[in-house]
Amino acid sequence: MSDHRINTHPILEISERENVDFRWNGVEIQALQGDTIASALYAQGIKVFGYYPRDHTPQGLFCANNQCSQCLVMANDRPVKACMEMVKAGMQVRSLDDLPELGNFNGKLEIIPSETVQIPVLIIGGGPAGLSAAIELGELDIHTLLVDDKQCLGGKLILQTHRFFGSTELVYAGKRGVEIAEILAEKVKSFSSVEVWLNSPAIAVYSDHKVGILKDGNQYIQVVPETLLIAAGAREKFASFPGNTLPGVMGAGAFQTLMNRDLVKPGQRVFIMGGGNVGLITGYHAIQAGIQVVGLCEALPECTGYRVHRDKLARLGVPIYPSHIVKQVGGESSVESIMIAEVDQDFHELAGTDKTFRCDSLLVAVGLSPVNEFQLKAEKYGMKVFSAGDTSEIAEASAAILSGKSVAQQIACALGMAREDKPDLQGMIEILKSKPGKILQSNIFPIDRDVYPVIHCHQEIPCDPCAAVCPLGLIKIPRDDIRKVPVFDLEGQKCSACRRCIAACPGLAITLVDFRKDAKYPTVSVPIEIDTSDLLEGRGYLAVDERGQPLAEVRLIRRFSMKEFSGTTIIEIQSSREIANEITGVFLKEPLYRNETGLSCNQLKQENEYLCRCERVTKNAVKELIIQGCRDINEIKALTRAGMGACGGKTCSTLILQLFREIGIPEAEVIPHTIRPLVIETPIGILAGKSSRAENP
Amino acid sequence: MKRQPRNTADAIIIGAGSIGVPLAFHLAHRGLKTIVIDQETSIGQGSNKRAIGGIRATHCDPAKILLCQRSIAVFSTWEDLYGEDIEWYRGGYCFVAYRDEEAALIKHVVSEQRGYGLNIHWLDRSALLDCVPELNHEGLIGGSFSPDDGSASPLLAIHAFSRRAKQAGAQFALNESVTGITQYRNSVKGVITDRAVYEAPLVINCAGAWAAQVASLVGIDIPVKPDAHEAAVSEPVAHFLNPMIVDIQPSPGSSNFYFYQHATGQIFFCLTPDPNQWGYLTEETSGFLPMACSRLLKVMPRLSGLRVRRTWGGLYPMTPDGSPLVGWAESLEGFFLAAGMCGQGFMLGPGLAEMITRMVLGEMTGEDKKIAGQFSPFRKFASEEKLK
């Protein structure tokens with residue numbers, strides 16, 4: 001078994017799968033049942049899937065989501081996207097170094113006109129917002145069709161192994177993303193009025209109010225919805241730096257897909273660009289998957305994600321570089337190293353601050369933009385369209401869940417089927433959407449007690465599981481504003497040391513200090529969510545404070561987990577009285593993720609910096625046009641082909657806008673790129689209505 | 001208003017599209033101070049960028065034949081002359097017949113076109129399959145093949161013309177809408193836009209689908225109205241198809257259907273809606289892709305697995321007889337019409353631009369006079385062209 005597979009995971013279940021043999025460029029390779037071609041190749045450490053036809057630069061997996069065609073390979077003489085095509089036994093797969101040959105057609109042509117379906121509500125997207133809207137509509141017995149492009153419901157929730165923030169009562173806070181996905185999906189399935197089409201991407205919203213759906217990936221159906229809800233989520237922004245198209249550079253979505261869905265390590269040593277929640281969380285997931293996180297850089301002076309997420313990563317020994325940008329990525333045919341540099345407040349690089357690391361992948365997490373093209377078209381065509389979740393505003397999944405419910409009520413209203421006792425959710429939605437607040441003064445620890453929790457949570461974020469799980473109600477967060485930091489208030493009662501708050505806290509920011517056995521050397525209970533199988537009871541480990549700074553060596557007494565909080569291990573350590581309140585974690589391994597300084601910058605092979613990766617359009621080519629006076633992105637497209645590729649400008653349009661800003665052109669002067677269908681490339685045969693029987697050779 | 005020198009020109013072209021831009025190139029080269037005005041922020045944003053790029057001289061109308069032969073000469077030599085790739089590819093055109101009706105019509109047209117000296121042949125089934133092996137064999141009777149026709153990128157070509165036009169001194173006033181045309185004693189005096197006032201003794205209406213509105217500013221009524229067509233493009237594959245394939249067998253919802261493989265390896269396809277879709281709506285409709293894709297598969301089943309990447313709509317500025325309106329306005333001196341290209345503006349553009357240049361400079365050849373007679377804006381509209 002190759003070491004690129006994830007064989008143990010603290011949260012995700014690893015089930016036995018049958019072997020499937022296929023050939024890659026003539027060489028037999030073992031894959032597992034359920035692998036895509038891309039995951040099977042990554043499981044062998046193969047990252048270069050081919051070379052770009054025009055400039056012969058290496059290419060491979062990028063979006064892992066059917067959006068681009070960087071992962072194109074030939075499978076049984078048909079060009080396929082490796083991220084979508086499942087491996088089959090005996091399949092002959094080869095890399096593409098040029099344009100693919102047109103696939104062969106065997107079988108008899110049989111054209112069946114495409115079906116049209118009428119429905120009161122069509123929901124595009126089965127993530128947190130779409131599912132929760134479907135549940136609300138199901139409860140109202142409104143006939144609803146929900147379509148999603150993935151094989152299972154849950155959207156990005158199914159890739160989230162961490163416990164979620166938010167309201168315990170309303171949005172399942174304290175449960176893991178994977179668990180929430182299951183809860184919502186089960187509820188949706190319980191309503192007979194809600195139909196779900198999986199593996200069925202929406203490809204276009206047409207001016208005659210029809211929505212084209214690729215049902216089960218092989219049948220084209222046009223849906224005529226009375227009301228349309230777009231809950232298609234968000235897509236990641238990309239970044240521009242030299243080497244940005246090298247295989248091994250990918251977004252968090254692709255990284256999480258390989259790692260948490262396919263159980264394949266995208267790399268052994270990853271560097272992370274971006275200190276927002278997505279970058280921080282994915283770094284944490286990577287450590288759970290057994291991948292080394294070499295470092296994380298953030299251009300701003302502080303990580304913008306939740307403080308507790310940042311601290312979780314720091315406590316696992318990940319060096320965090322605020323005020324640092326990625327200067328370039330180097331490597332012959334895939335990522336081998338990365339160089340970062342410090343910047344001032346205006347993002348100007350400071351000379352002599354280069355730092356170089358050896359890594360095999362770079363995870364880019366520099367923000368999200370809404371997937372709103374369906375919504376824009378539907379609005380333009382005068383359809384009754386609604387949006388929920390990230391499509392309407394980028395925020396946490398918790399906010400998406402509630403916004404789906406709220407929008408479903410609006411849809412019911414529009415259909416004249418509203419609930420009478422409609423609860424007002426708007427206030428809570430606003431709270432859940434709120435950005436992380438300032439860091440407050442540390443809480444005062446009640447050290448006069450003999451056993452008490454220490455709450456290392458000093459930032460106003462919408463979250464309440466600690467208060468919700470305390471059986472004695474000693475941890476208090478105002479119900480009307482769950483952003484407030486929790487307060488531990490004994491009110492004459494005694495903490496029962498149940499440690500439920502420790503296990504439930506999504507930020508792993510609560511510990512328990514217990515002086516009852518030993519007044520001098522208290523035991524401290526600390527939660528961890530990574531593989532603890534090689535921990536030795538009785539051995540000494542380095543205790544760290546909240547921010548990941550070393551405190552002192554402490555002795556591990558025991559470890560245990562609580563049934564209700566699976567995946568979380570509580571370890572008990574014994575420490576000195578002085579540092580007991582400060583201990584928030586221990587380095588379970590030697591912090592091997594330290595900066596390697598041995599590399600010099602000339603060991604990095606400078607690659608081109610591309611704005612449009614589908615058509616390999618360099619930043620310089622676009623810059624030249626802008627300097628010449630071009631202000632119309634459509635003209636840039638006409639001249640350079642930027643945006644004409646498979647992804648249709650989804651990746652490059654934000655980068656081109658960013659370049660305009662960099663040059664100092666106000667956005668108001670820029671004519672944006674025209675959005676056109678199809679959202680996903682679709683075979684001619686399927687659009688024609690060819691029967692699927694004739695499809696597979 | 002104080003006159004600014006930059007606003008005075010010898011010629012004003014309204015419309016920076018498939019006709020206006022090559023025309024600016026020629027007029028500027030002949031030393032005319034030329035200003036091109038367009039309502040869009042950049043050139044070619046009207047119908048030019050929506051054209052799929054086919055270029056043929058094999059028409060049934062001698063005027064179009066002559067102009068397109070010139071255009072082909074320009075497109076095919078551009079890279080050699082100027083070093084700029086406009087993705088010209090001489091792949092030919094092929095009209096296919098799967099029924100006797102179409103076979104008879106195509107054969108008739110081929111003999112007529114051969115009479116005009118065009119390089120076109122009728123190929124029977126096996127000869128045609130040698131030429132285009134990917135065609136659906138079933139029921140194929142034969143078809144025409146004209147190897148000298150081809151294709152290019154409208155986007156790259158218009159920018160190539162514009163670069164040369166600018167080098168020769170032409171100016172572009174973009175993001176300006178024409179609001180009026182000024183006159184003095186029955187002669188054109190200039191153009192007013194929402195941003196500026198321009199003066200020139202010559203104003204040329206190259207406004208494509210918007211040409212009738214421009215003409216109406218001076219009270220001239222021209223029979224040009226837009227018909228909305230849709231098109232699509234696939235992902236690229238290795239080169240396998242040379243000619244543009246045209247299927248003229250009517251099908252429910254559409255008359256002609258055509259597709260070709262562009263120099264980039266992508267398949268472009270387009271159909272003529274039946275009935276016409278009059279108006280300015282270029283938004284994608286749900287009927288197009290199923291209709292076009294099933295027509296595509298009937299002619300070339302092997303395209304079944306090829307993925308469609310993008311689809312869009314565009315306008316064909318139609319005239320009653322399918323031929324352009326080119327010539328001086330009778331009622332207003334200095335106002336020239338170059339409108340109603342009926343979806344053939346891209347292929348007519350370079351040839352027509354040369355001819356218009358000679359017309360405005362008073363250098364018409366005998367051939368020009370014949371063409372101008374045929375394209376007279378004030379002709380009687382009688383018959384439709386046999387093969388559009």
Side-chain angles (χ1 to χ4, degrees), chain A residues 53 69 72 78-79 81 98-105 107-109 111 113-114 116 203-212 220 222 224 377 380-381 630-632 634-639 641 644-646 648 671 674 676-678 680-690 694-695 697, chain B residues 40-45 48-49 134 136 138 153-156 158-160 174-175 232-241 252 259 261 264-267 269 281-298 300-313:
Chain A
S69 62
L72 209 64
R78 273 191 313 140
K81 294 182 183 182
D98 216 328
L99 287 179
E101 299 288 329
L102 180 66
N104 270 318
F105 172 76
K108 194 154 170 60
L109 194 63
I111 290 173
S114 74
T116 300
I203 61 168
V205 171
Y206 297 104
S207 56
D208 46 352
H209 295 194
K210 289 185 185 172
V211 182
Y220 186 51
Q222 300 195 19
V224 189
K377 289 278 182 189
K380 185 174 170 189
Y381 303 145
C630 178
R631 296 291 177 270
D632 183 353
N634 297 298
E635 188 177 17
I636 292 173
K637 176 179 166 187
L639 285 165
R641 298 186 62 81
M644 280 194 201
I671 307 291
T674 307
R676 300 191 193 282
L678 304 175
I680 287 172
E681 293 179 308
T682 306
I684 287 168
I686 292 172
L687 290 167
K690 190 169 63 64
E695 175 60 22
Chain B
E40 299 292 338
T41 313
S42 64
I43 61 166
Q45 295 296 316
N48 169 272
K49 69 170 182 183
E134 313 298 339
N136 191 359
E138 213 178 299
S153 160
L155 307 165
L156 294 180
I158 197 169
H159 279 93
L174 301 174
N175 201 9
V233 64
S234 76
E235 63 182 331
V237 282
H239 181 83
F240 71 95
L241 176 64
F259 65 96
Q261 188 176 26
T264 51
Q266 294 168 285
I267 300 286
F269 56 97
L281 292 176
T282 55
E283 302 306 340
E284 309 82 20
T285 63
S286 65
F288 170 69
L289 282 175
M291 195 188 291
C293 290
S294 64
R295 290 198 67 167
L296 201 47
L297 288 194
K298 277 179 194 158
M300 200 166 278
R302 205 180 149 186
L303 295 173
S304 174
L306 188 69
R307 285 172 278 251
V308 176
R309 178 171 284 181
R310 214 90 62 222
T311 177
W312 65 93

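Per chain, numbering begins at 1; letters A, B, ... match sequence-line order.
With chain A as the partner, the residue from B:I267, B:N136, B:T264 showing the most heavy-atom pairs under 4.5 Å is B:T264. Per-residue heavy-atom pair counts under 4.5 Å with chain A were compared for B:A232, B:G313, B:P236, and the maximum is reached by B:P236. Comparing A:L678, A:D208, A:L102, A:L99 by heavy-atom pairs within less than 4.5 Å of chain B, the highest count is held by A:L102. Most heavy-atom pairs under 4.5 Å with chain B, from the set A:H209, A:K377, A:K637, A:R631: that is A:K377. Highest contact tally toward chain B, considering only A:P53, A:P79, A:C630, A:A646, is held by A:A646 [criterion: heavy-atom pairs under 4.5 Å].
In plain terms, the two heavy atoms of B:C293 and A:L687 that are nearest each other are SG-CB, 3.7 Å. Nearest approach of B:L156 to A:A638, heavy atoms of both residues: CD2-O, 3.8 Å. Heavy-atom minimum distance, B:G305 versus A:P683: O-CB, 4.0 Å. Taking all atoms of both residues into account, the shortest heavy-atom contact from A:Y206 to B:L289 is OH-CD1, 3.8 Å. Closest approach of A:S207 and B:E283 over heavy atoms only: CB-CB, 3.6 Å. Heavy atoms only, all atoms of each residue included: B:R307 and A:L72 are closest at NH2-CD1, 3.6 Å.
Here A:E681 pairs with A:K81, B:R309 under the side-chain hydrogen bond (donor to acceptor under 3.5 Å, both in side chains) rule; sequence neighbours left out. Take B:F259 and apply the ring pair (Phe, Tyr, Trp, His ring centres under 6.0 Å) test, not counting sequence neighbours, and it matches B:F257.
At a 4.5 Å heavy-atom cutoff, the contact between B:E138 and chain A is made by side-chain atoms alone. Using a 4.5 Å cut-off between heavy atoms, A:D98 makes no contact with chain B at all. Heavy atoms of A:T116 lying under 4.5 Å from chain B are absent altogether. Residue B:Q266 touches chain A through its side chain alone, counting heavy-atom pairs closer than 4.5 Å. A:E635 touches chain B through backbone and side chain together, each having a heavy atom under 4.5 Å away. For B:L296, the part sitting under 4.5 Å from any heavy atom of chain A is the side chain, from C-beta outward, and nothing else.
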Take A:D632 and B:S42 through the test side chain to side chain donor-acceptor pair (under 3.5 Å) and record every step on the way to the result. CA-CA 6 Å; A:D632 183 353; B:S42 64; 2.7 Å; yes

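In this structure, B:E235 and A:P100 have side chains that are not in contact, with every pair of non-hydrogen atoms separated by 4.5 Å or more. When side chains are defined from C-beta on, B:Q45 does not count as touching A:T674, because their heavy atoms never get closer than 4.5 Å. Two residues are said to be in side-chain contact when any heavy atoms from C-beta on lie closer than 4.5 Å; A:N104 and B:R302 meet this criterion.
Once rounded to the nearest 0.5 Å, the distance linking CD1 of A:I684 with CG of B:L306 reads 4.5 Å. Taken from NZ in A:K210 to CD in B:E284, the straight-line distance is 15.0 Å, to the nearest 0.5 Å. Rounding to the nearest 0.5 Å places CZ of A:R676 at 7.5 Å from OG1 of B:T282. Residue A:L639 holds its CG atom at 10.5 Å from CD1 of B:I158, rounded to the nearest 0.5 Å. In this structure, the separation between CD1 on A:I671 and CG on B:L174 is 10.5 Å, given to the nearest 0.5 Å.
Distance alone, capped at 3.5 Å, places no donor-acceptor pair between the B:R295 side chain and the A:A688 backbone.
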